[in-house]
Amino acid sequence: MPVANHDIAEIFSHYAALLEIDGANAFRVRAYQNAARLIDGYAASVADMVRDHEDLTELAGIGADLAGKIEEIVETGRLAPLEELERRMPSALVELTTLPGLGPKRVKALYDALEVRGLEDLERAARSGRIRGIRGFGQKTIDKLLQAIDARRDTHGRVLWLEAERAAEPLLKRLRGVGGVSAATVAGSFRRCKETVGDLDLLVACSRSAEVMERFVTYEEVEEVVARGTTRSTVRLRSGLQVDLRTVPAASYGAALLYFTGSKAHNIALRSLAAKRGWKLSEYGLFEGRKRLAGRTEPEVYRRLGLAYIEPELRENAGEVEAAQAGKLPTLVELKDLRGDLHCHTLATDGADTLECMAQAALERGYEYVAITDHTRHLRIANGLDSRALSRQMQAIDRLNGRLGKLTILKSAEVDILEDGSLDLPDGILRELDVVVGAIHDHFDLPPDRQTDRILRALDHRYFDVLAHPTGRLLGERDGYAIDIARVMRAAADRGCFLEVNSQSKRRDLADAYCRMARDARVKVAISTDAHSVTQLDSLRLGVAQARRGWLGRGDVINTRGLAGLRALLKRR
DNA sequence: GCCGTTTTCGGCCCGACTGTTTTCAGTCG
């Protein structure tokens, strides 16, 4: 198993954090951070590139030194300078910098003065009063640190995107009700549709900021007002979620939205671009001296910088700025492009609604088709169907089809991929299905080679169409099973199979970087909900967001095709 | 540590807020 891009990225990222605490040059630190992000999101395997003697310095931000360090990591799995640094600076210090209010400088000061190495050390030192003596630490700072440690115990930082949306909506509604507010929205990683959100960044365009701030800090869910200013405030909600609010005049709204949407790296890239022309870009606008060149809307700012408009989902400084300069941005898939859903369950197994209800709901959403993909017999816990039960469901589908206007219910199943890679139902019945979706539900801990071989054998099956939740990850709960994703992609491309982009909030599986990898490998995806109830059919937008983060366009997604076009792509013609 | 159509050295994004300050460093986004 070669060293994964993610592993290299983690090492660089960790090294950057330790260097920063050590007081290294900030731009040197940034160079490692940039490299980490580049490699983490890079489609091709960097380890393969090293093996093939490709010139890594061709990559933006990778020079001779970093190229050498990448080779070292690929070849040894380690980075000697990091290990050397770790002898002086305990690794656990990095975690301390993730506490709000504690940055690299203060962590270093605590370590130097009191040998504080981790959360427990910090708490002890704070409670004992020893921190008081250190320059720069007053009682208020210490109180906030203790609070932050408590909060850390309660939440584990990030929340799923869907939970963030639930927290944001009532708050936005409240702020929109204030007089003089012309716009209110959530920016930040939420707007970029990342899988999880660390905090909410609200942006309000208004003429009377004081009133907006007052409404904000008096919201009933606010547990604590962390900071309060005239244009910017921060609160912590009872749920533990931190919310930042920034107010701007309407003339700056676009520039502010751009700025607060980030990512930070994207902002830096844009500001550098502005600086090259002698301009200055801030949240107040794009300026030449005192003259405002743009700022009211985002498209205006991009246009003035000579860039095509960049969708929020792409703003990670992962090649989108260069693509926008060259006019080579992809046209991203949109929710309205989707013509149907290829993964959902009914009461027959572990769904909550009947076949009729699910079909009716699909019809109401204007779909041309919906695939009913109940589990198969191996998944006993979900009451998986055997051939006979599935046959009965197929007959029920036959009776329903034709009575539902333009909607066609596709006969399908989420077939278990068994430990040896064979499928859980005999060919006789698989042949009768319109589409075969396959998935792994057990033996998550096979060694990478065996797990990969297991999937490859399933893809080899003559009737296999779509690999559901391809890596099996559950955000915040477990990583995906260990597989060689590049091999899986190559195999899927060879065999005319497709990968699912699972829309469930907790799955978002494929990951964004893997969506992009699929595009490069010329593997098409199905954006599906895996809905276990009628309401979950609406999670399709999360799958779309995920695909957009992975640079996918309409053509990359099989269920943007009409029914005839879809059938033409599947193995049964 | 990276980078270069003014540069191979000297730059590298910009501003708000807090707390502990006698004028500003640290943190955050």
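Since we're looking at a predicted model, the values are computed, not measured. In what follows, every chain begins at residue 1, and chains take the letters A, B, ... in the order their sequences are listed.
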Quiz item: Is it true that the side chains of A:Glu195 and A:Gln546 contain a donor and an acceptor less than 3.5 Å apart?
Solution: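 On atom types as modelled, these side chains qualify, holding a pair under 3.5 Å.
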Quiz item: Is it true that the side chains of A:Lys69 and A:Tyr32 contain a donor and an acceptor less than 3.5 Å apart?
Solution: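 Yes, a side-chain donor-acceptor pair sits under 3.5 Å.
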Pick base, sugar-phosphate or nothing for [X], based on heavy-atom distances below 4.0 Å to the nucleic acid.
X: A:Lys69; result: sugar-phosphate
X: A:Thr230; result: sugar-phosphate
X: A:Ser233; result: nothing
X: A:Asp65; result: sugar-phosphate
X: A:Leu66; result: sugar-phosphate

Self-check item: A:Arg548 side-chain N/O to A:Leu314 backbone N/O, donor-acceptor pair under 3.5 Å
Solution: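 Side chain of A:Arg548 to backbone of A:Leu314, a donor-acceptor pair under 3.5 Å: no, none is there.
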Quiz item: Would you say A:Asn5's side chain and A:Ala44's backbone share a donor-acceptor pair under 3.5 angstrom?
Solution: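 Checked: pair present.
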Exercise. Give the minimum heavy-atom separation between A:Ser252 and A:Arg292, together with the two atoms involved.
Key: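 Shortest heavy-atom separation between A:Ser252 and A:Arg292 comes out as OG-NH1, 3.6 Å.
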Quiz item: Under a 3.5 Å cut-off for both distances, is B:dA25 Watson-Crick or wobble paired, and to whom?
Solution: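 In the structure as shown, B:dA25 has B:dT18 as its Watson-Crick or wobble partner.
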Does a nitrogen or oxygen in the side chain of [X] sit under 4.0 Å from OP1 or OP2 of [N]?
X: A:Thr231; N: B:dC17; result: yes
X: A:Tyr284; N: B:dA16; result: yes
X: A:Lys276; N: B:dC12; result: no
X: A:Ser272; N: B:dC12; result: no

Exercise. Please determine, for the side chain of A:Lys144, which listed nucleotide (B:dC12, B:dG15, B:dT18) has the closest atom?
Key: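 Looking only at side-chain atoms, A:Lys144 lies closest to B:dT18.
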Practice problem: Would you indicate which nucleotide in B:dT18, B:dC13, B:dA16 comes nearest to any side-chain atom of A:Ala227? | Solution: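 The answer is B:dT18.
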Practice problem: Find the distance A:Leu245:CG to B:dC17:P and express it as a whole number of Å. | Solution: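 Rounding to the nearest Å, CG of A:Leu245 and P of B:dC17 are 11 Å apart.
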Rounded to whole angstrom, note down the [atom1] distance from [N] over to [M].
N: B:dA16; M: B:dT21; atom1: P; result: 24 Å
N: B:dC14; M: B:dC9; atom1: P; result: 25 Å
N: B:dG15; M: B:dG10; atom1: P; result: 25 Å
N: B:dC13; M: B:dC24; atom1: P; result: 23 Å
N: B:dG1; M: B:dT6; atom1: C1'; result: 23 Å

Quiz item: With the sugar-phosphate defined as primed atoms, P, OP1 and OP2, and the base as all remaining atoms, what B/S/- string results for nucleotides 20-29 of chain B, 5' to 3', for protein heavy atoms under 4.0 Å?
Solution: S-----SSSB
Practice problem: Would you verify whether the NZ or CZ of A:Arg106 falls within 45 degrees of the ring axis of A:Phe137 while also being under 6.0 Å from that six-membered ring's centre? | Solution: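 Yes, cation above the ring, under 6.0 Å and within 45°.
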Self-check item: Sequence-distant partners of A:Glu83, side chain to side chain donor-acceptor pair (under 3.5 Å), two or more places apart
Solution: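 Applying side chain to side chain donor-acceptor pair (under 3.5 Å) to A:Glu83 gives A:Arg78.
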